[in-house]
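This report refers to the structure that appears directly beneath it.
In this chain, numbering begins with 1 at the start of the sequence shown. Predicted model, so just to flag it, every value in this text is computed and none were measured. All values below were derived from every heavy atom in this structure, side-chain atoms included, with hydrogens, water molecules and symmetry-related copies excluded.
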Amino acid sequence: MSSGLQIGIMDLMNHLIGALDAPFAGAVVFGVHFDGHLVVEALLVAVIVFLLFQKSYQPQKRPLTRKEIDQLCDEWVPEPLHPAITKEMEIEPPVLESDAGPRTIVSGKEVINLASANYLGLIGHGKITEACDEALKKYGVGSCGPRGFYGTIDVHLDCEARISKFLGTPDSILYSYGLATTSSVIPAFCKRGDIIIADEGVHWGIQNGLFLSRSIVKLFKHNDMKALENILEEIALEDKRVKKVLNRRFIVVEAIYQNSGQLVPLDEIISLKEKYKFRVLVDESNSFGVLGKTGRGLTEHYGIPIQKVDIITAGMGYALATTGGFCTGSAKVVDH
């Protein structure tokens, strides 16, 4: 606002106040002397109150005409779903032209395979290939049905029995997809209101299972047993402070972490489990068949009875060089 306009407004206000001062000069109401200033201020307050209680102006709403709708559609330019394709994006990925053994053929060239999780080199093994041929001739390429309906084949039951015998557990159950094993097992045992304490470095399959369970999930620092104990202690103190709610409680870890390669200290996990009355789920996808004197995994490596681990899961696409996964434990666990 220019200085000239400000001076003009001030002069107008002074004239208005002066004009009002004369009629009200000497006026006293309830012992209060009235002058032009008070009248102007009262008027301003009245105007402000009036404006505050006025409804805001809203233009009349009307539906768009067909022509306006067509015009808006013609002018609309959608944002791209992905960035522009560059020359680097057009590079063709390597194509595998043989089994994923120690040596394989990629795009017509024999190379050393350092990318596979074929830990025991069983892919392409002669006996396994022969067994696969016989199974295909007898059963076809699949059961084409869920296990609980008509998808259970005798070889499924035989494989489950062999896994249990090998590990020394009462029972086992197979899953058709390795990554979905933990994603299915965790929600089967943990529901809303249950408590799960998991390592923050667990792989995506476990993360998905934690999410699907809708349980109370607390993450502890990767492979840090002190951080785990602190969370367990907090929960124990909370139980003492309020009435303890009956719920299921699990500690979820990996034997060998897929994202870091670190080995979980199972002896400390079992000690904390027994101290704070939790159950333990261990995923042995990267340790089964590899860890321990005879490949029986983490419990054999530490010399701990397998019965101290409540639930063991593993994907079979690593050391076993096949698809699917399994869950093993007590008969009640498998039946559930």
Side-chain angles (χ1 to χ4, degrees), residues 82 85-144 151 153 155-156 158-160 162-163 166-167 172 174-184 201-209 254-264 282-298 300-301 312-328:
H82 58 80
I85 302 297
T86 62
K87 189 175 181 180
E88 290 76 11
M89 294 180 183
E90 296 177 353
I91 297 176
E92 291 292 332
V95 178
L96 191 67
E97 299 175 359
S98 67
D99 59 62
R103 289 183 175 273
T104 188
I105 298 175
V106 176
S107 302
K109 183 180 179 181
E110 184 177 311
V111 296
I112 298 175
N113 185 3
L114 301 178
S116 171
N118 179 27
Y119 298 148
L120 300 180
L122 295 179
I123 292 180
H125 191 281
K127 287 186 177 181
I128 294 178
T129 303
E130 291 175 8
C132 289
D133 289 340
E134 293 299 321
L136 285 172
K137 292 175 182 177
K138 182 177 180 180
Y139 301 102
V141 294
S143 59
C144 299
I153 305 175
V155 290
H156 289 149
D158 181 57
C159 185
E160 290 169 350
R162 287 170 180 257
I163 290 172
F166 179 72
L167 290 175
S172 299
L174 292 176
Y175 287 81
S176 59
Y177 182 36
L179 195 60
T181 303
T182 48
S183 297
S184 302
V202 293
H203 64 69
W204 183 84
I206 295 178
Q207 294 176 28
N208 194 39
E254 291 180 67
I256 298 178
Y257 288 96
Q258 184 169 305
N259 294 327
S260 69
Q262 293 186 2
L263 187 70
V264 69
V282 178
D283 183 65
E284 295 233 38
S285 295
N286 289 281
S287 58
F288 181 73
V290 178
L291 207 59
K293 186 177 180 180
T294 60
R296 285 175 168 81
L298 190 66
E300 184 180 52
H301 175 77
I312 291 177
T313 61
M316 301 170 71
Y318 300 88
L320 296 183
T322 184
T323 59
F326 68 84
C327 170
T328 189

Quick check for you: to the nearest 0.5 Å, what is the distance between Ser183 atom OG and Trp204 atom CH2?
5.5 Å
Where is the tightest heavy-atom contact between Thr328 and Ser172, given as atom of each residue plus distance?
OG1-OG, 2.8 Å
Any heavy-atom pair between the side chains of Cys327 and Glu160 that's under 4.5 Å?
no
Verify, without hydrogens or angle tests, whether Thr104 (side chain) and Gly101 (backbone) share a donor-acceptor contact under 3.5 angstrom.
no
Take Tyr177 and Thr323 through the side-chain contact (heavy atoms from CB on, under 4.5 Å) test and state the conclusion after the steps.
CA-CA 6 Å; Tyr177 182 36; Thr323 59; over 6 Å; no
Considering all heavy atoms of both residues, which atom of Ile256 and which atom of Gly261 are nearest to each other, and what is their separation?
CG2-O, 3.8 Å
Look up atom OG1 in Thr181 and atom CG in Leu179, then write down how far apart they are to the nearest 0.5 Å.
8.0 Å
Would you find more than 12 non-hydrogen atoms of other residues, nucleotides or ligands less than 6.0 Å from Leu136 atom CG?
yes
Strictly distance-based, threshold 3.5 Å: is any side-chain N or O of Asn259 a donor or acceptor partner for the main-chain N or O of Gly201?
yes
Would Tyr119 and Asn286 count as a side-chain contact (heavy atoms from CB on, under 4.5 Å) if you check the C-alpha gap in whole Å, the side-chain angles of each, and the deciding distance to 0.1 Å?
CA-CA 9 Å; Tyr119 298 148; Asn286 289 281; 2.7 Å; yes
Is there a donor-acceptor pair under 3.5 Å between the side chain of Glu110 and the backbone N or O of Arg103?
no
On a heavy-atom basis, the closest approach of Thr182 and Ile206 is OG1-N, 3.6 Å
So His156 and Ser176, side-chain contact (heavy atoms from CB on, under 4.5 Å) or not? Walk me through it.
CA-CA 10 Å; His156 289 149; Ser176 59; over 6 Å; no
Whether the side chain of Gln258 engages the backbone of Val202 through a donor-acceptor N/O pair (distance < 3.5 Å, no angle test) should be reported.
no
Going from CG on Leu291 to CD on Glu300, what distance comes out if it is rounded to the nearest 0.5 angstrom?
8.5 Å
What do the steps show when you test Val111 against Ile105 for side-chain contact (heavy atoms from CB on, under 4.5 Å), and what is the final call?
CA-CA 6 Å; Val111 296; Ile105 298 175; over 6 Å; no
Among Thr313, Leu167, Leu298, Ile312, which residue satisfies the side chain to side chain contact (heavy atoms under 4.5 Å, CB included) criterion with Phe288?
Leu167
Less than 4.5 Å apart, any side-chain heavy atom of Cys159 and any of Val155?
no
Relative to Phe166, does Arg296 satisfy both conditions: NZ or CZ under 6.0 angstrom from the six-membered ring centre, and within 45 degrees of the ring's axis?
yes
Taking Gly297's backbone N and O only, do any of them form a donor-acceptor pair with Glu284's side chain (distance below 3.5 Å, no angle check)?
no
As an exercise, state the distance from OG1 of Thr129 to CG of Asp99, rounded to the nearest 0.5 Å.
7.5 Å
In Å and rounded to the nearest 0.5 Å, what is the NZ to CD1 distance from Lys138 to Ile153?
10.0 Å
Give, for atom CG of Leu320 and atom CZ of Phe326, the distance between the pair rounded to the nearest 0.5 Å.
7.0 Å
Are Arg162 and Asp158 close enough for a salt bridge, meaning some N to O gap below 4.0 Å?
yes
Do side-chain atoms of Ser285 reach the backbone of Ala314 as a donor and acceptor pair under 3.5 angstrom?
no
Can you see which heavy atom on Ser107 is nearest to which on Pro94, and at what distance?
OG-CA, 4.1 Å
